[in-house]
Amino acid sequence: ICQEENTLRELRIFLRDICAKLARNKQFFMFTKPVDVEEVPDYLDIIKEPMDLETLMSKIDKHSYICARDFLDDIDLIVRNALEYNPDKSAEDKHIRHRACSLRDKAYAFIKAEMDSDFEDTCRDIREKR
Ligand SMILES: CC(=O)c1csc(NC(=O)C2C[NH2+]C2)n1
C-alpha cells in the first residue's frame with residue numbers, strides 16, 4: 001500500500017507539471033479559470049458541468065485522480081464544453097473551438113511524451129483495486 005502511495009504521489013507531481021504548463025500557455029487563457037457568469041450570463045444554462053485548469057489543479061491536490069486517464073477525462077470535459085458553447089460559424093467561435101482542440105492535443109502529447117505506459121498501467125491497477 002505504501003508503494004501504491006508512492007506511485008500516486010509521483011502521478012500527482014507529474015500531473016501538476018502538465019497542468020501548470022497548459023495554464024502558462026497564453027493560447028489557453030480562456031480555459032484557465034471558471035467562466036464568469038457575470039460576463040457570460042447564459043453559460044450555466046448551456047454547460048451543465050463546467051471545468052477549467054484551475055479546478056483541474058485543485059482536483060489533483062485533492063487526490064481526485066489516480067491515473068492519467070481520469071485527468072485526461074477532465075481535459076476532454078473542458079474541450080467538450082467549449083465546443084458545445086461555441087458552435088457558430090463566427091470567427092470568434094471558430095477561434096475558441098480551435099484553441100480547445102489545441103489544448104486537448106497538447107495535453108495528450110505531454111502525457112504521451114513524459115509518461116511511460118507501464119507507469120500508467122500501474123496506476124490503472126491501483127484504480128481497479130479501489
Ligand atoms: C470557456 C469558453 O468556452 C468560453 C468562454 S466565453 C466563450 N464564448 C463567448 O464568449 C462567445 C463567442 N460565442 C459565444 N466561450
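Each ligand, and each atom within it, is numbered from 1 in the order the structure gives.
Pairs passing the side-chain hydrogen bond (donor to acceptor under 3.5 Å, both in side chains) check and including a residue from residues 71-81, sequence neighbours excluded, read Lys59-Asp74, Tyr65-Asp74, Arg69-Asp73, Arg69-Asp76, Asp76-Tyr108.
Contact check on Arg124 versus Glu120 returns a salt bridge, with a Lys/Arg side-chain nitrogen under 4.0 Å from an Asp/Glu carboxylate oxygen. Checked for salt-bridge contact, Asp17 and Lys21 meet the test: a charged N lies under 4.0 Å from a carboxylate O.
Residues lining ligand 1 at a heavy-atom distance below 4.0 Å are given as Met30, Val35, Ala82, Tyr85, Asn86, Glu92, Asp93, Ile96, ordered by chain and residue number.
Residues Leu15 and Ile111 come closest through the heavy atom pair CD2-CD1, 4.1 Å.
For Gln3, the side-chain contact (heavy atoms from CB on, under 4.5 Å) partners two or more places apart in sequence, or in a different chain, are Asn6, Thr7. Applying the salt bridge (charged side-chain N to carboxylate O under 4.0 Å, His left out) test to Arg16 and every residue at least two apart in sequence or in another chain returns Asp61.
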